[in-house]
J.: 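Shown below is the structure under consideration.
In what follows, chains are A, B, ... by sequence order, proteins preceding strands, each numbered from 1.
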Amino acid sequence: MAHRNAQFCLELGQTDCVYKNKINNMINKEIAKILHEMAILLEMKEVSFKPRAYEKVASVIEALAEDVEEIYKHGGLKALEDIPGVGRSIGEKIEEYIKTKHIKEYENLKKEIPVDIEGLVAVEGIGPKTILRLYKKLGIKTRNQLEEAATEGRLAKGGFSKKTEENILKSIGFLKKEHGRYLLGEIMPVAQIILERIRSLPEVRSVEFAGSLRRMQETVGDLDFIAFSDKPAEVIEKFIKFPEIQDIHSKGEHKTLVRLNIDTDADLSVVSPESLGSALIAWTGDKQHNITLRTLAEKKSWMLNDYGLWQGKTLLASKTEEEVYKKLGMDWIPPEIRNNTGEIEAALEGKLPHLIGYDEMKGDLQIQTNWTDGKNSIEEMAKAASELGHEYILITDHTKSLAMTGGSDEKRLVKQMDEIDKIQKKFSDIKILKGAEVNIMPDGTLDIDDETLAKLDVVGAAVHSRFNMSEKDMTARIKRAMENPNVDIIFHPTGRLIQKREAYKVDMDELLKTAKKTKTVMEIDAFPDRLDLKDEYIRKAVKLGVKLSIDTDAHSVAHLKFLRYGIAQARRGWAEKKDIINAHDWKTMLKMLK
DNA sequence: GCCGTTTTCGGCCCGACTGTTTTCAGTCG
C-alpha cells in the first residue's frame, strides 16, 4: 500500500509513510472477528436469523471505542448486555472469551467446517454457501488451495463454470496486491474528479457521493456514486469508459461496479430524478440505519425502497430526502451521522443537534511554520489562511524538547512573538494570534516556563514522546498538563495515526471530566491521518459540555484545506457551533478559554 | 439470537446483478 500513498505522503510531509493496518482495541477486533465468522458458519448450516444477529453485533463491537474488557470489568455481564445487539447468549460468549480467550461454540463450529473463512470470504463473489460447496466437493479450505484449484481448472469438478473460475482468479489476483481502505482526505480529491466527470455527462441531471464517502467516514473502502438521469443505460455505458476505470465487475441497466486504476472499487447507481430522495437515503446510510428506517416503515404497513416510500402501490414520498424522512415522522438526518447510533430516535423526537456547518469556522488554532517543522513562513500561512476566509490563525510551533523539529525555547518564542507583531502590520483582514504546541513531558510538566506561556494568546499542549506508558500514568500525565492554568487546548489528545500508530492508552472519561473542571479545550485535529479526537469521544465531550477546537495541524499552506475533514469529524461526533471555540470570532474565542 | 409505540412471543430490509439450475439461489451493498 506504500506506493499508492507516496504522493499523499509527500503532500503530508511525512518521512515514514508505510501505511499498515495496526490494531486498535485488540480484544474488540478479536471478538468481532469470531462473531463475524460465527455468522458465516451459521449461515452455512442454514440456521435462520441467528446469522443476522451475529453479523450485527460483530459490526457494533468492531466500531466500539471502549474496550469490551473494560466494560466487563466495570459492569460485568449486565454491562455487556447494554451494548446494542448483545443479549444474554452473546454476552456470555464475550465473557467466556475475556476469561478464557476461547469461545467453545465457535470452536465446535470450526471443527465441523475447518476452513479459513476470513481468507475465503475476501474473494469477491464467494460467500457462505460457496465456501461450503468448495469444502464439501473439493476439500478446499484456504484461499491458496482455491487459487491452485482454479489455476489447474479443477473447479469444474465442483460444478463451477469456467466463468466463475476466471472471476475467482481475477479477484485473488487483486487481493494479492496490497490495498486497503483509504484515508478520507487521501481519496476525496480522486473521488471529486470522478464526480465532476459524471456530472459533465449530458444525460446526468445531478450526481452525489453515497456510502461512506458521503458520510465522511475516517476511512473509505470503495467509492459510491449515485447519478440521477432518465437515461440510465447511456450513463452507465459512458461511465465504464472513464479513464480511471480498469476493469468491470458487473454492469446492468441501473448499476455498475468497477475497479479503478487506484486499486479500489467504485459503484455507480443511476436512478430516475423522481426517486432522488429515497435513492440517496438508501445509498447513504450505513446498513443498520437503513434497516431501522425500513423496519419503521414496515411498522406503519408501508415499504421503503430505493424508489420511494410506499403504501401498497401508492407512492407516499420519494423526491427529496427531507420529504421521505418527514413522511416517516422525523427530521432530515445529516449524512455524517447516519449510522444507527441514536440519530433516528433523536430525529423522531425532533431533537437532532444543529451540527456545526462546513462554512461556520472562523479560524484555525494549530499551525506550524518554518520556525520549526513547517514548510512555509508565518506570513505565507497568514496569507493563505486569509484567502481561505479565516478571520484568525494561531501560530503554534513546536517547543524545545521536540529537538528533531528544532523546537523553540523561551527566548525564541519571545522572538517569534515580536516577529508576529511585525507581520501583523501587513495584514488588516486576518488576526495572527501567538501560541505554541508545548510538549507535555512524561511527568506532566511542560517544557516551557509558565512566565513565557502566560505571554502567549493561546497555549496548546501535546504528548509527543513515551507513548507506551500505562493508562494510569498517561492519564495522570495529561491531567497534570490540563491543571496548568496556562494550558488552553490539548492538541491531538490520543496521539493516534490512523492505519499507522495506535492511540496511547488513556482514560478518556477521566480526561474529559478534568477538561470540564479545568475549562481545558480538547482538539479535533483535522489532519487526515489523525482525526483525533475520534467521533465517539467527541460525542462524550459534547455531552459533558467540554469545549472543542477544530484545527488543521497544518505544516504547509496546502494543509490548511484539511479543515473540512475536522469539521466532518466534529459533525460525526454531534458537535454544534456552541461546542467549537474557533467557530466564533477571535475575541469571543479567547473568552471561552480558561 | 435479539428485540419491543405489535414489549416476553413472533417477527427479523430490499433490490440489482450474475451465472445458470432458464426461474432462482447466492452475493453484494
J.: Determine: side-chain N/O of A/Asn167 to OP1/OP2 of B/dG19, distance under 4.0 Å, yes or no.
T.: yes

J.: Taking only side-chain nitrogens and oxygens of A/Tyr54, does any of them come within less than 4.0 Å of OP1 or OP2 of B/dC12?
T.: no

J.: Roughly how far apart, to the nearest Å, are B/dT27 and B/dC13 at atom C1'?
T.: 16 Å

J.: Check whether any side-chain N or O of A/Arg572 sits under 3.5 Å from a backbone N or O of A/Met216 as a donor-acceptor pair, and report yes or no.
T.: yes

J.: Between B/dT18 and B/dG11, how far apart are the two C1' atoms, rounded to whole Å?
T.: 31 Å

J.: Among B/dG19, B/dG1, B/dC13, which nucleotide sits nearest the side chain of A/Arg52?
T.: B/dC13

J.: Is A/Val86 touching bases, backbone alone, or none of the nucleic acid, heavy atoms closer than 4.0 Å?
T.: sugar-phosphate

J.: Partner of B/dT8 by Watson-Crick or G-U wobble geometry, both contacts under 3.5 Å, or none?
T.: none

J.: Identify, between A/Pro84 and A/Thr256, the residue whose nearest nucleotide on DNA chain B lies closer to the 5' end.
T.: A/Pro84

J.: Measure the distance between the ring centre of A/Phe49 and the centre of the six-membered base ring of B/dC2, then answer whether it is under 5.5 Å with planes under 30°.
T.: no

J.: If I pick the C1' atom on B/dC9 and the same atom on B/dC14, what distance separates them, to the nearest angstrom?
T.: 25 Å

J.: Please determine whether a side-chain nitrogen or oxygen atom of A/Thr164 lies at a distance below 4.0 Å from atom OP1 or OP2 of B/dG19.
T.: no

J.: Just one of A/Glu95, A/Glu107, A/Glu69, A/Glu30 clears the salt bridge (Lys or Arg N to Asp or Glu O under 4.0 Å) bar with A/Lys101, so which one?
T.: A/Glu30

J.: Return no unless some side-chain N or O of A/Asn290 is found under 4.0 Å from OP1 or OP2 of B/dC13.
T.: no

J.: Just to verify, what does A/Glu253 make a salt bridge (Lys or Arg N to Asp or Glu O under 4.0 Å) with, not counting sequence neighbours?
T.: none

J.: Counting the atoms with a prime plus P, OP1 and OP2 as sugar-phosphate, which does A/Leu293 contact under 4.0 Å by heavy atoms, base, sugar-phosphate, or nothing?
T.: nothing

J.: Within this structure, what is the OH-CD distance for the pair A/Tyr307 and A/Glu274, rounded to the nearest 0.5 Å?
T.: 13.5 Å

J.: Keeping the roles fixed (side chain from A/Glu576, backbone from A/His354), state whether a donor-acceptor pair exists under 3.5 Å.
T.: yes

J.: Pick the P atom in B/dC28 and in B/dT23, then give their distance to the nearest Å.
T.: 25 Å

J.: Expressed in angstrom and rounded to an integer, what is the separation of A/Lys56 atom NZ from B/dC13 atom C1'?
T.: 12 Å

J.: Start with the C-alpha gap between A/Leu155 and A/Leu134, add the side-chain angles, then the distance that decides, and say whether side chain to side chain contact (heavy atoms under 4.5 Å, CB included) holds.
T.: CA-CA 8 Å; A/Leu155 291 188; A/Leu134 286 166; 4.0 Å; yes

J.: I'd like the P distance from B/dT6 over to B/dC12, given in whole Å.
T.: 13 Å

J.: What is the distance, rounded to the nearest whole Å, between atom CD1 of A/Ile248 and atom C1' of B/dT18?
T.: 15 Å

J.: Answer with base, sugar-phosphate or nothing: what part of the nucleic acid does A/Lys50 contact at a heavy-atom distance below 4.0 Å?
T.: base

J.: Starting at atom CG of A/Leu35, determine the distance to atom P of B/dG1, rounded to an integer number of angstrom.
T.: 12 Å

J.: In whole Å, what is the span from the CG atom of A/Leu328 to the P atom of B/dT5?
T.: 16 Å

J.: Within this structure, what is the CG-to-C1' distance between A/Leu80 and B/dC2, rounded to whole angstrom?
T.: 15 Å

J.: Should the pair A/Lys162-A/Glu165 be classified as a salt bridge under the 4.0 Å nitrogen-to-oxygen rule?
T.: yes

J.: Classify every nucleotide of nucleotides 23-29 of chain B by which part a protein heavy atom approaches to under 4.0 Å, writing B for the base, S for the sugar-phosphate alone and - for neither, in 5'-to-3' order.
T.: ---SSSS

J.: Calculate the interatomic distance between A/Ile83 atom CD1 and B/dC3 atom C1'; express it in whole Å.
T.: 16 Å

J.: Describe the nucleic acid contact of A/Lys93 in one word from base, sugar-phosphate, nothing, applying a heavy-atom distance below 4.0 Å.
T.: sugar-phosphate

J.: Is there a donor-acceptor pair closer than 3.5 Å between any side-chain N or O of A/Arg181 and the backbone N or O of A/Thr219?
T.: yes

J.: Reading DNA chain B from 5' onward, which residue's closest nucleotide shows up sooner: A/Ile291 or A/His254?
T.: A/Ile291

J.: Take atom CE of A/Met303 and atom C1' of B/dC13, then tell me their distance rounded to the nearest Å.
T.: 10 Å

J.: I'd like to know if the side chain of A/Asn290 and the backbone of A/Ala282 have a donor-acceptor N/O pair within less than 3.5 Å.
T.: yes

J.: Whole angstrom is fine here: how far is it from NZ in A/Lys163 over to P in B/dT21?
T.: 15 Å

J.: If we take the P atom in both B/dT5 and B/dG15, what is their distance in whole Å?
T.: 25 Å

